[in-house]
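In what follows, a structure is listed as structure tokens, so that the remarks can point back to it.
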Amino acid sequence: MSVGLRLLYRDWRGGDIGILLVALALAVAIVTGVGLFSERLGSAIVARSGDMLGADLVLQSPRPVGDELLAPARALGLRSAYSLSFATMAARGEHLQISAVTAVDGHFPLRGAIRLEGDPGAAPRRTSGGPPRGQLWAERRLLDALGVEPGGLVDVGDASFTLAAVLVDAPGGMAGGLGLGPRLIMHVDDLPATGVVQPGSRVRYRYGFAGDAAAITAYRDRIGPLLLPEQRLRTPNEDRPGLAQAIDRAQSYLLLGGSLGVALAGAAIAIAARRYTERHIQGVAVLKTLGASARTITVIYAQKFLALATVAILLGFALGWLIQAAIVSVLTALAGADLGVAGWHPYALGAATGLVCLFAFALPPVWALRGVSPLAALRRDVQVERLGPWLSWSLGLAGLFGLMLWYSRSLWLAGAVFAGLLSTVLLVAVCGVALIRSTRLVGAHAGNRWLLATSSLRRRGMENALQIVVFAITIMLLLVLLVTRTSLIAEWQRELPEDAPNHFLINLLPADVPRLEGWLDRHGLGHGGIFPVVRGRLTHVDGVALEQLARSADTAAPDLDRELSLTSAARPPADNPLRAGAWWPPDSDARQVSIEAQLAQSLGVGVGSVLRFQIGSERFEVAVSSIRGVNWENMRPNFYMIFPPRLLQRYPMTYMTSFYLPPQRKGLLSELVRLLPAVTLIEIDAIIAQIRAVIDQVSLAIEAILWVVVACGGLVLLATVQAGLDERFRESSILRTLGAPSRLVLGALLIEFLLLGAMAGLLAALGAEATTWVLQTQLFHMAWRPHIWLWVLGPSLGAVLIAAIGTLACRRVVATPPVQVLRSLH
Amino acid sequence: MIRTDAISKTIAAASESISILDAVNLTIRAGETAAITGASGSGKSTLLGILAGLDLPSAGHIWLDGRELTAMDEDQRAAVRSELVGFVFQSFQLLPALTALENVMLPLELKRSPAARRGALEYLQRVGLGHRLNHYPRQLSGGEQQRVAIARAFATRPRILFADEPTGNLDLKTGQHIIDLLFELNRDMGATLVLVTHDQGLTGRCAVHFELLDGAVVRVGAGR
């Protein structure tokens, strides 16, 4: 074994490299863990994307397409499959669940397969066709919501079906995750019996095609020019990059978040390496007196650190695998249990992170050992040439920025996060230093322990400011996560008026309106207005096409490249105050439109502007006659565009409304669904519960990473304490030699760390409260509400964490007899 | 074995230069034992460091075993030290993370000696610490640590041994034992011994005695 490796083993025995090893391993673990999870998720989703489309080419439309688009496919010999998707209620007795229904014909899917649950413990079984007539296949979530097992009956609209199998996933949509309810697959020929799909209903029509590549390309070229703006062609190759890009972006964000842990690990490495260097100066001087050259020293320490890096990287891989396993277990419900296999890239990224951390943070101080004079073995006053602290830290920061750039693959994103991190660190450091200095007031009037503790705090001002920065930021992130997970959404809900509508009804047919009004009257329920809805697109603003507007630098047009819900009204809705212009007379058929104020601003539209719309194949122009403010949080139907009543009369329309139903009267919903089988009922509280569940799971996964980051923060504390241990030993031994009891010294230590932790926690609470203020007022548009518990939990958590780690690390200071300390230091 | 020609050493301190050594000339023959004495702060350790090739003089020349150290860079001087020199320090300078045996093995491992362990074992036994092989320096008394240091110095069979106040941190009785051990081993090995000490009594055991006075060396004469 080489000298370097033998000395490394002895360093390990002597406790010199524990922190270095653990810090490096944690840095590798965070990056590897996040990378593994993202890659597994990405490979599962992207690999299935071809299967998920269910065809080589899909034509998607909000309305049935004409034969002019289908005939060329037949002529080219392409196989075709037809399906449609929509949201509706599935019911079983009193139990209701909004579901994402896909009705398929006998040819579906053309590619891939539908997977159904097999026998217990067995893998899912694949089937190449859809359910036969009279049957449904649904996701497990629907069975749980309706309390039904395979073989039971489920109602969709006016018809009942046998729930024949449990769906795992199927082409044509994502299984699990978000969306309006669990998936349900039925035969398209069963649809008329349900009465759910009517003219004007919000339905997505899918026409899948499969065949040889040349025919697909020819078909695509032929129908491309014939497509309406709302019709879309999709292929697996176009879908896949989009999905892959989304996964890549998510991975970049997660890695950037994890880079906080890498930064902390780097700080711990830098501090530990500095101490390591100090402790090895004499040893290197002795080695040189024994005949070791500078080159020999370089080789010895290179061997040591490369071996250390190897062990740390392997350890980091193992920890990283555990981290991704923890994330996967938390997110199984969202991501699905059937994740793909990760490649080598996360491991390469993790290893590179470890090596960069080693070179950027450990190398600068250790490099000084090369130039140690052998004379230092004879005389302690021999100066060792070191890289200046600014240069050392600059190298570390450069290394960190390089890593962030690699993770994000975006200069501006890495730069923004890096600048944000630096600014936050500086701000917290300034506050930390101020808090430390203020302890002079506390110590001046307190007992011996407090006096000792506060003077020690001030004496180690810079190191303690670093601890405050580290723990304030990590605890702040934990607190923000906790607030988001526990209170934010509940507070937002509480902001709503007690009787704010909590149910939406869409896809109401014209004939359903009087029946609904009668039902609401019978049960003494009000509604937020019943609005007609026509689906149409905005195509031009003042003669300029919307696509052109979107590219213009002068406007920030929102994503309007889709169908809008257009409505008409004789009077402006209650929560829509006019900001400009005037409303039309009640029975007007003038070619006018009232537009929502923020949209008007982003489109650069004013009263008098001319907007062009397309409904179906018809186009028409209207002038903006008024601009309205809209309160989007009122839980009522709100619209970007409102037209005079008679202008939209001739188009197929459905209706939508919202109403409040007290929780204890939820049983009425089954009666409503039986009365109006075609309607789609959206239970807001169920949606909110689903969103909360998603936030819970995602935040748990993020918390797992954050706790690893906190562990890195703990390492920084350990490294700092260890670096100053000799000084603490000296102080403690002198104090005890002068008669101070051990409990005084220990008490002072405890108070010092408790104060340090409380200060960090206080700043964390301040930061968390400020962040919550931004979320409440800017994101949720709520009134600011303080969280008193943050101000208790933050300082408490900080005090406990730092006191525990710091006191444990320093316990030898008190336990070691003074004479032993003095002898060893001499 | 060791010859100097008008070596001087000046150091820069604050706003002035301080002359530690001033045109020092001395010669120590192979196999001789030489003591260098002087008051505290007279430059004894500085002179020792230069003689051993740990440092370079500001002026002058020095030859060790016929090789001019002043014409070499640090790596070349390290090579000479590896080949010729052993060192015993006042503060022992054992590596705290290594056991007694590992400390003595270290210079042999640096020379890639295949019998490092055997050689170390032999010298530890010779200094009477065969039963403390796996003890760390913190578990040894001052005298025991110095014996380990002596074993380490002799393990490579140096031709020149430099000792810088080897008993400076020890009590009288222990110090006496250490000196006896040092001289005994040196006699067996036949090496040149250069000893820096403030103990005038020790000079009597050495063949030559140099005294440092105001930066200059005066040969007091044969020590015995």
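Order of the sequence lines sets the chain letters (A, B, ...), proteins ahead of strands, with each chain counted from 1. In this text, all values refer to a predicted model and were calculated from it rather than measured experimentally.
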Subject >> Heavy-atom pairs under 4.5 Å with chain B, option from Leu287(A), Leu7(A), Thr296(A), Asp11(A) with the top count >> reply: Leu287(A)
**OP:** Measure across Ser45(B) and Leu378(A) and return the closest heavy-atom pair with its distance rounded to 0.1 Å.
**Re:** O-CD1, 3.6 Å
**OP:** For residues Ala78(B) and Ala292(A), report the shortest heavy-atom separation together with the two atoms involved.
**Re:** CB-O, 3.7 Å
[X], [atom1]: over 12 other non-hydrogen atoms inside 6.0 angstrom:
{"X": "Trp12(A)", "atom1": "CH2", "value": "no"}
{"X": "Arg459(A)", "atom1": "CZ", "value": "yes"}
{"X": "Tyr136(B)", "atom1": "OH", "value": "yes"}
{"X": "Arg117(B)", "atom1": "CZ", "value": "no"}

Original post:
Rounded to the nearest 0.5 Å, how far apart are CG of Leu54(B) and NZ of Lys288(A)?
Top reply: 11.0 Å
Original post:
At what distance, to the nearest 0.5 angstrom, does CD1 of Ile297(A) lie from CG of Leu110(B)?
Top reply: 7.5 Å
Subject >> Under 4.5 Å from a heavy atom of chain B, the part of Thr289(A) involved >> reply: both
Subject >> residues 152-165 of chain B: residues contacting chain A (heavy atom under 4.5 Å, by number) >> reply: Arg152(B), Asp164(B)
Subject >> Test item: Gln93(B) side-chain N/O and Ala377(A) main-chain N/O as donor-acceptor pair under 3.5 Å >> reply: yes
Original post:
Is there side-chain contact between Arg77(B) and Pro374(A), with heavy atoms separated by less than 4.5 Å?
Top reply: no
